[in-house]
Amino acid sequence: MPEITLPDGSVRAFDGPVTGLAIAESIGRRLARDAAVIRVDGELWDLTRPIEQDAAVAIVTRDAPEMLELLRHDAAHALAEAVKELWPETQVTIGPAIENGFYYDFAREEPFTPEDLERMEARMREIVDRDEPVRREVWDRDAAVRFFREQGEHYKAELIAAIPQGETISIYTQGAFVDLCRGPHLPSTGRLGKAFKLLRVSGAYWRGDARNAMLQRVYGTCWATQEQLDRYLHQLEEAERRDHRRLGREMDLFHHQEEAPGAVFWHPRGWTMVQVLTEFVRRRQAAAGYMEVNTPEVMDRSLWEASGHWEAYAEHMYTTQTEDGRLYALKPMNCPGHVQLFRHGAVKSYRDLPMRFAEFGKCHRYEPSGALHGLMRVRAFCQDDAHVFCTEDQITAEANAMCDLILGIYRDCGFHDVYIKFADRPERRVGSDAVWDKAEAALRAAIGSTGLEYTINPGEGAFYGPKLEFVLRDAIGRDWQCGTVQVDFNLPVRLGASYVGEDGERHVPVMLHRAMLGSMERFTGILIEHYAGNLPLWLAPLQVQVATITSDGDDYAREVVSRLRAAGLRADVDLRNEKISYKVREHSVAKVPVILALGKREVEERTVAMRRLGSRAQEVLALDAAVEQLAEEARRMGSVPTQ
RNA sequence: GCCGGUGUAGCUCAGUUGGCAGAGCAACUGAUUCGUAAUCAGUAGGUCGGUGGUUCGAGUCCACUCACCGGCACCA
């Protein structure tokens with residue numbers, strides 16, 4: 001005789017065990033139709049699962065925001081059922097809900113084709129139309145293992161066998177499809193709806209381990225309503241429109257070619273953008289007490305063996321063998337070079353600390369071919385790198401200042417949504433546990449003293465020390481990890497850095513590693529996508545395009561450009577014998593933020609007709625006023641992207 | 001690196017069962033002096049990613065290879 005308490009506080013008594021579906025029906029038909037699951041004393045249950053005890057419940061309908069995950073999980077099951085119907089020899093493995101959708105990993109000899117994807121999706125829709133009941137059962141674990149083995153589902157059997165003793169093994173059945181699953185699920189396949197779409201098929205390793213077999217992963221997206229699905233598909237198109245590789249071509253910023261995979265050919269405009277960013281960081285870090293340095297790009301193998309890089313990353317380093325038989329490596333990092341600077345010359349005193357070395361160092365890493373991606377993942381890149389040599393007592397203040405510097409720089413680049421992760425010791429590392437304890441404690445103290453929120457990213461530290469990872473969210477909600485602050489007690493020891501302390505004894509300095517933008521290449525790519533190419537004036541490589549309407553304006557146009565340039569603006573003039581609409585289109589496609597059109601009227605009145613990228617409106621201004629206004633705007637930073 | 005896909009003019013893309021490599025835009029030449037996202041006409045442009053093979057004949061079929069795209073793994 002369970003007594004069921006509803007969210008409004010009313011209580012209903014039932015004669016015997018009652019299901020969520022029955023409770024929903026007792027409240028109303030419409031609710032029963034839209035119900036997805038039931039919350040029983042805070043826990044989500046299947047609607048078909050009998051409630052035997054008194055409980056406080058709430059029916060959750062399928063359009064509740066927290067039901068998206070469940071819908072997506074159900075979509076994954078429908079996908080698996082469809083695949084098993086179409087290709088029975090396929091083994092199913094796992095199929096979770098993920099951000100914006102779901103996937104399912106299948107084991108099958110023959111690869112799925114894009115056409116297969118269409119067949120799967122069509123079959124999923126049939127399964128929804130069939131409205132098959134979804135049943136939950138609790139099985140004995142050995143029986144479950146035996147069952148799946150007999151079915152030829154060896155991956156499933158392995159999963160069940162790995163479940164700890166004593167845990168409930170729930171099995172869900174829909175139609176002929178039987179799957180191990182934690183649940184809960186919708187009561188029938190019809191409730192899934194049809195706001196889903198299969199997107200792509202790709203490879204994925206069993207259990208995410210490259211040593212294991214490669215499975216076939218089918219990705220899909222799923223939403224509560226068709227409108228939500230359409231909105232998401234539209235977002236995907238938006239991301240496509242912002243792709244820095246496409247914009248890089250349209251804006252004439254850079255290119256790649258086969259002879260230099262993973263390297264960038266920067267065009268004048270693209271390189272201007274990189275230079276603007278570099279100058280910006282240079283000014284900021286100089287103001288924060290950093291000294292800019294430069295260290296060799298090619299150094300003897302022995303140095304990399306001493307630093308530990310050789311052991312950890314030899315296969316990812318470019319090397320060059322010279323005539324004298326020596327083996328050199330192109331630097332993959334700047335830190336060992338900076339330690340050489342610290343070690344050189346007179347022994348350092350505690351009075352010299354902290355010493356802050358910054359370098360825009362060009363590094364080379366032989367990244368796996370499959371990882372390369374436009375500017376985002378390259379083999380040759382420039383880091384805005386720095387290393388601070390300090391005493392243990394100085395760690396907190398130094399790391400703290402780094403956080404301030406980094407966050408300020410992001411703000412000025414237009415990123416206002418930033419979060420921080422604390423990456424602690426990885427499995428593969430150098431240094432004793434005691435040293436790691438100390439390094440992690442020091443970094444935790446530093447981040448604690450900033451008052452900034454952070455999450456833990458377990459096991460993701462560098463091989464020589466723990467790190468803070470700065471992640472910024474772009475205009476369309478994607479996350480990019482850029483800056484890092486790392487505490488390192490190991491490299492200074494390995495490379496023999498020391499200073500004389502107040503006590504007259506030799507001590508090993510602590511080394512803080514820091515990057516803010518990370519890779520200049522990658523950050524440039526992120527900015528392009530963040531702003532969809534519509535860069536704020538201070539970042540735009542060409543800020544003002546002056547364009548004549550007829551050749552009568554040529555002399556005045558040249559004068560306008562020199563005035564703009566004299567005011568520090570990057571301006572160019574277009575005197576071609578083309579219609580103004582042609583010029584406007586061309587410079588708009590190239591994303592030049594400001595076009596000044598000059599016709600007869602402007603020449604006579606010494607004005608300019610100013611047109612902003614993305615706007616059809618024109619504003620006629622006196623030349624002096626326009627120059628002043630643009631110069632002022634070009635100094636302003638921190639603007640948020642417009643859509 | 002692994003799985004799958006794609007490479008044809010600067011860009012976007014056609015190219016049938018193997019039978020003379022195409023279009024639009026861009027470029028160039030000429031005309032047009034024009035008021036805010038494409039003026040008109042003409043010309044030129046290709047080792048069909050590369051190497052090897054099958055064939056009388058390969059953009060098309062086969063093998064290898066390189067690069068790129070989507071994932072996975074990796075990311076000091």
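A note on names: the letters A, B, ... follow the listed sequences, proteins ahead of strands, and every chain is numbered from 1. In what follows, every heavy atom counts, from backbone to side chain, and hydrogens, waters and symmetry copies are set aside.
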Item to check | Aromatic plane relationship, A/His513 with A/Tyr464 - under 30° parallel, 30 to 60° tilted, over 60° perpendicular | outcome: parallel
Checklist entry - Roughly how many Å is it from CG in A/Asp574 to C1' in B/U33, rounded to a whole number? => result 14 Å
Checklist entry - Looking only at atom P, what distance separates B/A9 and B/U54, rounded to whole Å? => result 28 Å
Next on the checklist: If I pick the C1' atom on B/G52 and the same atom on B/C66, what distance separates them, to the nearest angstrom?
Outcome noted: 15 Å
Checklist entry - Under the salt bridge (Lys or Arg N to Asp or Glu O under 4.0 Å) criterion, do A/Glu602 and A/Arg606 qualify, and how do the steps go? => result CA-CA 5 Å; A/Glu602 287 74 20; A/Arg606 293 190 63 77; over 6 Å; no
Checklist outcome for this item: Of B/A73, B/U33, B/A76, the nucleotide closest to the side chain of A/Ala371 is B/A73
Checklist entry - Across the strands shown, which category fits A/Tyr205 at heavy-atom distances under 4.0 angstrom: base, sugar-phosphate, nothing? => result base
Item to check | A/Arg612 and A/Glu633: CA distance, side-chain angles, deciding distance, salt bridge (Lys or Arg N to Asp or Glu O under 4.0 Å) verdict | outcome: CA-CA 13 Å; A/Arg612 300 286 186 153; A/Glu633 184 180 335; 2.8 Å; yes
Next on the checklist: Applying the Watson-Crick and G-U wobble criteria at under 3.5 Å, what pairs with B/G4? Answer none if nothing qualifies.
Outcome noted: B/C69
Between the protein and nucleotides 6-14 of chain B, list the N/O to N/O atom pairs that are separated by less than 3.5 angstrom.
unit_1: B/U12; atom_1: OP1; unit_2: A/Arg249; atom_2: NH2; d: 3.4

Item to check | Gap between atoms OH and P, on A/Tyr464 and B/C75 respectively (whole Å) | outcome: 13 Å
Next on the checklist: Centre-to-centre under 6.0 Å for A/His256 and A/Phe254, is that the case here?
Outcome noted: yes
Checklist entry - Quick one: on RNA chain B, does A/Val620 or A/Arg428 contact a more 5' nucleotide (nearest heavy atom)? => result A/Val620
Item to check | A/Phe463 ring center within less than 6.0 Å of A/His309 ring center | outcome: yes
Checklist outcome for this item: For B/A23, the nucleotide meeting Watson-Crick or G-U wobble distances (both under 3.5 Å) is B/U12
Checklist entry - A/Lys331 near the nucleic acid: base, sugar-phosphate alone, or nothing, with a heavy-atom cut-off under 4.0 Å? => result nothing
Next on the checklist: Need one value for A/Arg245: base, sugar-phosphate or nothing, where a base atom within 4.0 Å counts as base even if backbone is also close, heavy atoms only.
Outcome noted: sugar-phosphate
Checklist outcome for this item: Scanning all shown strands, the Watson-Crick or wobble mate of B/A58 with both distances under 3.5 Å is none
Item to check | C1' gap between B/A23 and B/U8, integer Å | outcome: 13 Å
Checklist entry - Is there a side-chain polar atom (N or O) of A/Ser369 under 4.0 Å from OP1 or OP2 of B/G1? => result yes
Item to check | Complement of B/U17, any strand, by Watson-Crick or G-U distances under 3.5 angstrom | outcome: none
Checklist entry - Is A/Phe112 touching bases, backbone alone, or none of the nucleic acid, heavy atoms closer than 4.0 Å? => result nothing
Next on the checklist: What I want to check is whether the side chains of A/Trp206 and A/Asp105 have a donor and an acceptor closer together than 3.5 Å.
Outcome noted: no
Next on the checklist: Taking any heavy-atom pair under 4.0 Å as a contact, classify A/Glu259: base, sugar-phosphate, or nothing.
Outcome noted: nothing
Checklist entry - OP1 or OP2 of B/C74 sitting under 4.0 Å from any side-chain N/O of A/Tyr366? => result no
Checklist entry - What does A/Ala609 touch in the nucleic acid at a heavy-atom separation under 4.0 angstrom: a base, only the sugar-phosphate, or nothing? => result base
Item to check | Donor-acceptor pair under 3.5 Å, A/Asn577 side chain vs B/U32 base | outcome: yes
Next on the checklist: At 4.0 Å (heavy atoms only), tell me whether A/Leu199 reaches a base, stays on the sugar-phosphate, or touches nothing.
Outcome noted: nothing
Next on the checklist: At 4.0 Å (heavy atoms only), tell me whether A/Pro368 reaches a base, stays on the sugar-phosphate, or touches nothing.
Outcome noted: base
Next on the checklist: Does A/Arg379 qualify as a cation-pi partner of A/Tyr366, given the criterion of NZ or CZ under 6.0 Å from the six-membered ring centre and within 45 degrees of its axis?
Outcome noted: yes
Checklist entry - With a non-hydrogen cut-off below 4.0 angstrom, is A/Gly308 in contact with a base, only sugar-phosphate, or nothing? => result nothing
Next on the checklist: With a 3.5 Å cut-off and heavy atoms only, can you find an N or O donor on one side and an acceptor on the other between the side chain of A/Arg207 and the base of B/A73?
Outcome noted: no
Checklist entry - In whole Å, what separates the P atom of B/A44 from that of B/U51? => result 28 Å
Item to check | Crowding at CD, A/Glu305 (>12 non-hydrogen neighbours, <6.0 Å) | outcome: yes
Checklist entry - Closer to the 5' end of RNA chain B via nearest nucleotide, is it A/Val584 or A/Ser551? => result A/Ser551
Checklist outcome for this item: To the nearest angstrom, the NE2-C1' distance between A/His373 and B/C72 comes to 15 Å
Next on the checklist: Whether A/Arg514 engages the ring of A/Tyr290 as a cation-pi pair (distance to the six-membered ring centre under 6.0 angstrom, angle to the ring normal within 45°) should be assessed.
Outcome noted: yes
Checklist entry - For B/A37, does either OP1 or OP2 sit under 4.0 Å from a side-chain N or O belonging to A/Lys579? => result no
Checklist entry - Run the ring pair (Phe, Tyr, Trp, His ring centres under 6.0 Å) check on A/Phe489 and A/Trp436 step by step: do they pass? => result CA-CA 8 Å; A/Phe489 284 87; A/Trp436 274 88; 9.7 Å; no
Checklist entry - What does A/Ser581 touch in the nucleic acid at a heavy-atom separation under 4.0 angstrom: a base, only the sugar-phosphate, or nothing? => result sugar-phosphate
Next on the checklist: For a quick check of understanding: with a heavy-atom distance under 4.0 Å over all strands, which category does A/Pro332 fall into, base, sugar-phosphate or nothing?
Outcome noted: base
Checklist entry - Is there a Watson-Crick or G-U wobble partner for B/U39 with both distances under 3.5 Å, and if so, which one is it? => result B/A31
Checklist entry - Base, sugar-phosphate alone, or nothing: which one does A/Glu602 contact when heavy atoms must sit under 4.0 Å apart? => result base
Next on the checklist: What's A/Arg377 touching, base or sugar-phosphate or nothing? Going by heavy atoms closer than 4.0 Å.
Outcome noted: base
Checklist entry - Using the rule for Phe, Tyr, His and the six-membered ring of Trp, do A/Tyr313 and B/A76 stack at under 5.5 Å and under 30°? => result yes
Next on the checklist: Suppose you measure atom P in B/A41 against the same atom in B/G4; what distance do you get, rounded to whole Å?
Outcome noted: 49 Å
Checklist entry - Taking the P atom of each, how far is B/C61 from B/C48, in whole Å? => result 15 Å
Next on the checklist: Looking at B/U47, which nucleotide sits across from it as a Watson-Crick or G-U wobble partner, both distances under 3.5 angstrom, or is there none?
Outcome noted: none
Next on the checklist: For the P atoms, the ones on B/U32 and on B/G70, what distance do you get once it is rounded to whole angstrom?
Outcome noted: 48 Å
Checklist entry - Looking for any heavy atom pair under 4.0 Å, which part of the strands does A/Lys600 touch: base, sugar-phosphate only, or nothing? => result base
